[in-house]
Structure formats: C-alpha cells, structure tokens
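Heads up, the thing below is written out as structure tokens.
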Amino acid sequence: MRFSGVNPYIFVGLAVIVNLLFSFPHLGKPFIYDEIEFVNFSPILTLHPPLYVSCIWMLKHLFGAHEWVFRAFGMVCGYGAALFIYLITQYLRPQYGWVAVVLYVMSPLVIQGGLIPDIDNTILPMIILGILYTFLRMPRTWKRLLMVSLFCFVALMAKTTTIYAVMFGLIVAEGVIYRRWQSALSFLVAFLMVGALFHVTLYELSVWSHLNFYVDTLAHNHVKVSEILSGLASPITYFKIAYNAHALIVWISLFWVALLLIKAAQRFRGDMTESEKTLYLILFLTTVPYFLIRGTAGGFPKYTFLAISLLVILLTVSIDFAKFSILRRSTILPGAIVVIFLAMYVVVRDPLLTPVIIKSLTLSDPRMIAQLVHFYVHQYLFWTVLFVGSALLFKQFRFPEWLFVFGILYALNLNLHQRSADYSTRYSYGERGAEQLIAYLKEQGYSSKLILARKHIIFYLDDWKKQRDEEFILSD
C-alpha cells in the first residue's frame, strides 16, 4: 500500500533515523538509581531469574562495562519488539503494520525507556510480543500450544510476575473470548507444566552455579495479595492509581489514550475482533496491577513498556486512515498542523516536567499540591483550547483524526525537549541533578555524607524518621 503516493516504508526509515538521533545523545549517560545494579552485580544478582543477568554478564565481558553497551542492548531489543509489533499489526490489519512501527519507534516512552538497563523494557516486551504473535497467528494445533509454552518458559527465565499475568490472560482469552474451553484447559495444563519446569530449572541452576537464584528470585517477586486487597479499602490507594495513570498518560499523551478509549467503546460491541479483545485484556492485566503493587509504576518508563507496544497496535487497527486524504487536498491544513506543533513546543514545552520533588511519593508536601494545580491549569487547559480551536476551524478533519495527529505532534514535541533536558530523561521522577538535590536536602535538614565515584554521585541520607538509610545515585 502506498500512502499519499509515497512508499510507506520511507516513513519507517525516517522514524528509525529520528529514534537514533534522539537516543544517541543518551547512550553514554552515567547510570542513575538502580540502573547500576545489573552491571555491577551480574551474574550474582540473584533477585531476578538468570536470563537477563546472564545477557548483561556476557555483554560486560565481550564489550566492557561501558554505559553505551547496555543502553544499546535495550535499543536492539526495542527493534526486535518493533518486528513483532509489525507482524501482529499486519495480521490484524494487512498493509498497516508500518504505521504501528512508526508510532512505536518515535514514542518518547520507547526512546527514553529503552535505554534503561532493566528487564521490563528490553528482552521481556520482545518475548511477550512473540508469545502474543504466536498465540494469535498460528493455527489452533498442538504446535501452537507447544510454541506458546516454550516462549512462556523463556519469559519466566527473564521475569516471573509479568508473565504470570500474560499466561492467565491467554487462558481467559482462549476460553471466554474465543469460546474454546477445551483448548483453554489445555493451556492451563501446559502452563502449569511450564511453571513446574521453571521451578525445577531454577533450582538446578542454583545448585550448579552455587548462586541462590531459586530462593532469592521467588522471595523477591513474591506479591502479598492480602496487602493489595487490604489496600483497596484505603483512599490513598486510589490516589496512587490516579497518579500512576496520569504519569503514564503524560508519557503516551492524553490524545492517544482518549482516542483508544473512544474507539474501544465504539467497537467492543461491534466489529472488534477476538484478537483485538485479547490484546486489550493483556494490556489491562499487565498494566493496572503494577499501579497497585508499585507506588511509582507510572513514573518508570520500564513498567509501562509493554503498554505502549500494545497501544500502538490497537491504535493502528482502530483508526480510519482513509480520512487523512484531506491532507493532500487541503492547502491550509498542513500549515496549520505546523503552527500547532510550534505552539506546543513554545508554550507547553516539556510535558514531562510533572511536579515531582525528588520522589513521586512525596505527595504530602504542600508545594507538591501547588505545583500539581499549576501543571493541570497550565498544561491541560492550553491543550484543550488548542485542540478545540483546531477542531472548530477545520471541521472537515474529524475528531478522531485530530486526536491521532495531536498525539504524533505531542510525541515529537516531547522528544525534542527530552533531547536537551537538564534532568534524567529515563526516570520521570523530576530530579534535576546533584546540585538541586543537595540544596533540597539541606533545606529539609537532612544529615548527609557525599561520596564521589566515577561518573556518578552516591548520596546516603540518614532518615531519622524512617530509622534507615536511603541511597540516591544521580547523574552528574
């Protein structure tokens, strides 16, 4: 399919170039927070299954312990995920797989989050997308069951909690969405066998390597369901969920989230396929639980990496691209889009400057509330006025298409500002570097000791209220 007379894969090439241009300046940036754990402690970091830490260990011995090595590994995994995104979208909507790839590789979440040396944003999304492609695409035979089970075993060797949610979702999808209850039972039995094989393999690896992967991994990834259920009775829990959802929306853009919700509501009882419903189910199961378990899940790009992967697929499947032919016929609309982007860039600036003081859990600080109010009034009010004004001036360009275009402009605007941001672009905690942190801590009356190390600063805080030390690792 040709788009406006141009080979669409030219857009893919341009999007990859944009991805590289925005990623390269950050490849050599020093590690911050827990990024350094995997590099310094692999393969003895037994809190996680051995697949990812083994990859880090091999990279370290092949290329050296340089920041760019491990950040580039994340980029390579991201392109692997893009391949599965293309294949899934092509299956759901032939000839439009390139659109999903363009949206994915240009996403600020992918460009910044893909550089974090961690499991959730490197090999795990790529493997899970491979599982979903196999589940959706292969004929319903024993080979499909075998391949999905093998993929799930590999994913368990990388991360346990997320893949449990995926396996549960696939069983529910096979039984409830596809109405193949016998096949769903087969998946349940197969996944129980995969889980047993994982436990045996992890135990044998622990014995062979003399590294306690078995006990440490299971203890580290243990989720206390009772604590989650009791937390549901607290209003603070829902405030955290709202905050996390807001942080995720800031990364993705309110425009695309709104578009997806509108399209899902329109199509769920209409022409939405079983495959799309399955992807929505997996999107829910792998995103919302993190909002309950992790107080800062939305603020970490890594925890929502799979969400953006599924979102771009569902966006591409939902949107009616025939409406964009108006861009070729209109002489004013393309220029108006450029003006809208310039207004975003100059007025809205960096939307990731969400009001956060060092950590997103410091929500009790009165200054936080003042900053939140200012952020919502300044940012969202401007976006609303700009969007409504554009929709009224160009009525021939329908509401969903405007949401789609605004989402693209938002992503480009955020990428441009992130390229020269003076804070960590990989963690949206809002930290501004060591100078601002030290000033804040002195203002709060913390006693502290500053230790300088190569390319990073380790900050130990004596927190007398919590009676424990807190560690901060910040880029210089």
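Throughout, numbering of the chain's residues begins at 1 and tracks the sequence. Owing to the predicted nature of the structure, the values given are computational and were not obtained by experimental measurement.
- Looking only at distances, no side-chain donor or acceptor of Y410 sits under 3.5 Å from a matching main-chain atom of F255.
- The CZ atom of F198 sits 8.0 Å away from atom CZ of F153, with the distance rounded to the nearest 0.5 Å.
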Take F73 and I123 through the test side chain to side chain contact (heavy atoms under 4.5 Å, CB included) and record every step on the way to the result. CA-CA 9 Å; F73 177 68; I123 58 176; 3.7 Å; yes
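- With a 4.5 Å cut-off on side-chain heavy atoms, S183 and Y178 do not count as touching.
- Of all heavy-atom pairs between T316 and V99, the closest is CG2-CB, 3.8 Å.
- With a 6.0 Å radius and a threshold of 12 heavy atoms from other residues, nucleotides or ligands, M138 has its CE atom above the threshold.
- Atom-to-atom distance recorded for H199:NE2 and T160:OG1 is 8.5 Å, nearest 0.5 angstrom.
- Atom CG of L170 and atom CD1 of I163 lie 7.5 Å apart (nearest 0.5 Å).
- Sparse packing is recorded around CZ of F168, with 12 or fewer heavy atoms of other residues, nucleotides or ligands lying under 6.0 Å away.
- V105 and I111 make their closest contact through O-CG1, 3.6 Å (heavy atoms, listed as atom of the first residue, atom of the second, distance).
- In terms of heavy atoms, A184 sits closest to E174 at N-CG, 3.6 Å.
- For the residue pair T122 and I116, the shortest heavy atom distance occurs at CG2-O, 3.9 Å.
- Side chains of F70 and L115 form no contact here, defined as non-hydrogen atoms less than 4.5 Å apart.
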Please evaluate residues Y280 and L260 with respect to the criterion side chain to side chain contact (heavy atoms under 4.5 Å, CB included), reporting the C-alpha separation (whole Å), side-chain torsions for both, the decisive distance (0.1 Å), and the verdict. CA-CA 10 Å; Y280 275 108; L260 193 63; 3.3 Å; yes
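- Using a 4.5 Å heavy-atom threshold, the side chains of L136 and L279 count as touching.
- Between the side chain of Q90 and the main chain of Q95, a donor-acceptor pair closer than 3.5 Å is present.
- Looking at V172 and I177, their side chains never come closer than 4.5 Å, going by heavy atoms from C-beta outward.
- Summarising the geometry, atom CG belonging to N413 is positioned 11.5 Å from atom CZ belonging to F406; distances are rounded to the nearest 0.5 Å.
- The backbone N or O of T89 lies less than 3.5 Å from no partner atom in the side chain of Y96, so there is not a single donor-acceptor pair.
- At a threshold of 4.5 Å between non-hydrogen side-chain atoms, the residues S309 and L129 count as touching.
- Of all heavy-atom pairs spanning P50 and L202, the tightest one is CD-CD1, 3.6 Å.
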Do N19 and M75 pass the side chain to side chain contact (heavy atoms under 4.5 Å, CB included) test, and can you show the C-alpha distance, the side-chain angles, and the key distance before you say yes or no? CA-CA 9 Å; N19 178 281; M75 289 179 62; 4.1 Å; yes
Give the intermediate values and the outcome of side chain to side chain contact (heavy atoms under 4.5 Å, CB included) for residues W57 and V53. CA-CA 6 Å; W57 180 84; V53 292; over 6 Å; no
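- The environment of F284 atom CZ is sparse: at most 12 non-hydrogen atoms of other residues, nucleotides or ligands sit within 6.0 angstrom.
- From K159, atom NZ reaches atom OH of Y164 across 12.5 Å, with rounding to the nearest 0.5 Å.
- Ring planes of W98 and F11: parallel class, angle under 30° (limits at 30 and 60°).
- Annotation: R140, atom CZ; neighbour count of heavy atoms from other residues, nucleotides and ligands within 6.0 Å is above 12.
- Judged as a ring-ring contact (aromatic ring centres under 6.0 Å, His included), and not counting sequence neighbours, the contacts of F187 are F135, F191.
- Residues K263 and E276 are not paired through a salt bridge, judged by the lack of any N-O separation under 4.0 Å between the basic side chain and the carboxylate.
- Between M157 and T201 the shortest side-chain heavy-atom distance falls below 4.5 Å.
- Residue T278 holds its OG1 atom at 8.5 Å from CG of L132, rounded to the nearest 0.5 Å.
- Of all the heavy atoms in L281 and A173, the pair that sits closest is CD2-N, 4.0 Å.
- A donor-acceptor pair under 3.5 Å links the side-chain atoms of N415 to the main chain of A411, judged by distance alone.
- With a 4.5 Å cut-off on side-chain heavy atoms, L83 and V101 do not count as touching.
- Side-chain contact check for F305 versus L124: every heavy-atom pair is 4.5 Å or farther apart.
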